[in-house]
Amino acid sequence: MTDIYVYNTETRAKQKFEPIDAKNIRMYVCGVTVYDYAHIGNARPYTVFDLLYRLLRHVYGTEHVTYARNITDIEDKIMQRAADEGVGIKTITSRYTKIFKEDMQSLGSLDPDLEPKATEHLPQMIKMMRDLIEKGHAYVADGHVMFHVPSMENYGRLSRHSRDELVAGARVEVASFKKDPADFVLWKPSTDDQVGWNSPWGRGRPGWHLECSCMVEEHLGTEIDIHAGGQDLIFPHHENEIAQSECTHGKQFVRYWMHNGYLTVDGVKMSKSLGNFYTIRELLEQHGGEAMRLSLLTAHYRQPVDFSHDNAVEQKKRLDRWYRLVDGVAPASEVPSSVINALSDDLNTPKALAALDALATSETAASLKAGAQFMGLLMQSSDEWFKGGLGESIDVDEVEGLIEDRLKARQNKDFSESDRIRDRLAEMGVLLEDGPSGTSWRKAD
RNA sequence: GGCGCGAUGGCGGAGUGGUGACGCAGCGGAUUGCAAAUCCGUGUACACGAGUUCGAUUCUCGUUCGCGCCUCCA
């Protein structure tokens, strides 16, 4: 069996992956908050950890791996958006959930086994808060339920932030009802015009961290193999998940914590708050799903990746070359070991892509296709790739008729006529390629 | 201030204690009426300083520069 190595944020080291139960491997990736179109930075974790999912399924068997990716469908930004549009939050969340799922599919990610929604886990959250209060880890204050950070001995071990450092470096004003400045919210009260649920502590809504702890427990159990997400979630989100789950259950919550680096634009982190973002939608329209997927995979997942249109165009050219080679070729039955080995080494996608390039010869095209498809690439036929998509209405019959005319002109050595036809096709967005076996065409970029 | 990441050729980006991946771009050639595509060939790099070593881009320390997190954030 192939050994998989992953970098564990908690130990800050690359470790051999040893499943809790090889017949029941569980991974959880923090999903999106559905209040707007997702940006391409959001897509990075779901793309790289999709590869981890594929790898685990390959090594341990499809039926032995469960991947959950939640939908955060209650959050203040959602409420704000709903209020702005004068609609209920469900209208907002179902709209953007649908868009998000479509985007992920366009980027070539497999659907997770489970996509739990926060709002469907209120009873579990109330139960966890009860447990935490009973065990002395949480308290009620001013309509809030707060987690009491000093009640947990090794709080901060994931981010390596001590409670004292946190308090000293805090940029946010400390609410007066907190017993300790580091305490965080499990439940907050809602006013009458805000969305809320009844609870033993009054009508309110859950804090973000609580949701994930409860969804993990509900669907995957109290101890799971892998929990992943963006680096910005290490603190406070994942730190607080550990606090909630471990103080509730008294056992190690997660074996391996994995975090991807940021996607940047012009070297700066892409984020909604900075406004320097591209939505997945707009980039899919410009570059297509596979080029965007490949673009996201060109850097190792823990490194920052700087998004640029030039890179997307470059990756499209790489795909063009591969698609030419695999035209009409059936994928090999085995995924090339060079690809599996590269991915098994902490998801080394640049190395895996180099392995594909090494297979990009006419002799090894079947292996290239198998390896690429394993990574969610080369999923179309070459004809679809070169001629389809883009929605530009290209009339195939007209194109082929003009190619015939041009061929006749060329046979008559009437090159000014043949070039005129080629120019006309170019205006239609069609590029010609004269090969030994005749003339083929593809849509222009 | 605390915690952490990085610095490789024109660009992107692996990797290694000792003959410099890979992609895109460039250049030369083949092919072509021309172009495109394809094929062959080809140049350029390891931030700086010190240390360890027979030998360091690779290990150690320091410096400089860049980036992120420190309760919105994938």
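Everything numeric here is computed off the predicted structure, so don't read it as measured data. We name chains A, B, ... by the order of the sequence lines, and we start the count at 1 in each one.
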What nucleotide among C73(B), G12(B), G33(B) has an atom nearest to a side-chain atom of Leu233(A)? C73(B)

Can you tell which of C22(B), C24(B), A74(B) lies closest to the side chain of Asp232(A)?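 Nearest listed nucleotide: A74(B).
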
Consider only side-chain N and O atoms of [X] and [Y], and report whether a donor and an acceptor are under 3.5 Å apart.
X	Y	answer
Tyr301(A)	Asp346(A)	yes
His227(A)	His259(A)	no
Asp84(A)	Gln80(A)	yes
Thr191(A)	Gln194(A)	yes
Asp73(A)	Thr119(A)	yes

Salt bridge (Lys or Arg N to Asp or Glu O under 4.0 Å) partners of [X], counting only residues at least two apart:
X	value
Lys351(A)	none
Lys98(A)	Glu102(A)
Lys14(A)	Asp345(A)
Asp3(A)	Lys16(A)

Looking at [range], who's got a heavy atom less than 4.0 Å off RNA chain B?
range	answer
residues 39-48 of chain A	His39(A), Gly41(A), Asn42(A), Pro45(A), Tyr46(A)
residues 69-82 of chain A	Lys77(A)
residues 109-121 of chain A	none
residues 344-351 of chain A	Asn348(A), Pro350(A), Lys351(A)

Which is it for Phe253(A) and Tyr28(A) under the ring-ring contact (aromatic ring centres under 6.0 Å, His included) test, yes or no, and what are the steps along the way? CA-CA 12 Å; Phe253(A) 178 43; Tyr28(A) 184 93; 8.3 Å; no

Take atom CZ in Arg157(A); do more than 12 heavy atoms of anything else shown fall under 6.0 Å from it?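 Check passes, neighbour count above 12.
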
More than 12 heavy atoms of other residues, nucleotides or ligands under 6.0 Å from CD of Glu85(A): yes or no? yes

Over all heavy atoms of both residues, which pair between Arg69(A) and Tyr67(A) is shortest? Give the atoms and the distance, please.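 Taking every non-hydrogen atom into account, CD-OH, 3.7 Å.
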
[M] and [N], which share atom name [atom1], separated by this distance in whole Å:
N	M	atom1	answer
G66(B)	U57(B)	P	25 Å
C61(B)	U52(B)	C1'	11 Å
G13(B)	U8(B)	P	9 Å
A7(B)	C46(B)	P	14 Å
C3(B)	C59(B)	C1'	24 Å

Side chains of residues 228-237 of chain A: which donor-acceptor pairs under 3.5 Å do they make with residues two or more places apart or in other chains?
| unit_1 | atom_1 | unit_2 | atom_2 | d |
| --- | --- | --- | --- | --- |
| His237(A) | ND1 | His209(A) | ND1 | 2.9 |
| His237(A) | NE2 | Glu241(A) | OE2 | 3.0 |

C69(B), OP1 or OP2 - any side-chain N/O from Lys269(A) closer than 4.0 Å?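 Yes, Lys269(A) has a side-chain N/O under 4.0 Å of OP1/OP2 on C69(B).
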
With 3.5 Å as the limit, what N/O pairs link the protein to nucleotides 34-37 of chain B?
| unit_1 | atom_1 | unit_2 | atom_2 | d |
| --- | --- | --- | --- | --- |
| C34(B) | O2 | Arg422(A) | NH2 | 2.6 |
| C34(B) | N3 | Arg422(A) | NH1 | 2.9 |
| C34(B) | N3 | Arg422(A) | NH2 | 3.4 |
| C34(B) | N4 | Asp434(A) | OD2 | 3.2 |
| A35(B) | N6 | Asp434(A) | OD2 | 3.1 |
| A35(B) | N1 | Asp434(A) | OD2 | 3.4 |
| A35(B) | N3 | Arg422(A) | NH1 | 3.0 |
| A36(B) | N1 | Asp434(A) | O | 2.9 |
| A37(B) | O3' | Arg324(A) | NH1 | 3.2 |
| A37(B) | O2' | Arg324(A) | NE | 3.3 |

Does a distance-only test, which skips hydrogens and angles, find a donor-acceptor pair under 3.5 Å between the side chain of Glu314(A) and the base of G12(B)?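 No such pair is found, so the answer is no.
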
Taking the cut-offs as 6.0 angstrom to the six-membered ring centre and 45 degrees off its axis, would you call Arg54(A) and Phe374(A) a cation-pi pair?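 No; the conditions do not both hold, so Arg54(A) does not lie above the ring face of Phe374(A).
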
Which pairs with one or both residues in residues 358-367 of chain A pass salt bridge (Lys or Arg N to Asp or Glu O under 4.0 Å), sequence neighbours excluded?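 Non-adjacent pairs meeting salt bridge (Lys or Arg N to Asp or Glu O under 4.0 Å): zero.
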
Each stem that RNA chain B is part of, given as range with range (3 or more consecutive Watson-Crick or G-U pairs, under 3.5 Å): B:1-7 with B:64-70, B:10-12 with B:22-24, B:26-30 with B:38-42, B:47-51 with B:59-63

If I take atom [atom1] in residue [X] and atom [atom2] in nucleotide [N], what distance separates them, rounded to the nearest angstrom?
X	N	atom1	atom2	result
Arg302(A)	C5(B)	CZ	P	9 Å
Leu294(A)	G12(B)	CG	C1'	12 Å
Arg321(A)	U38(B)	CZ	P	8 Å

Any donor and acceptor pair, going by atom type alone, linking the side chain of Lys443(A) with main-chain N or O of Trp385(A) inside 3.5 Å?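 Yes: the side chain of Lys443(A) pairs with the backbone of Trp385(A).
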
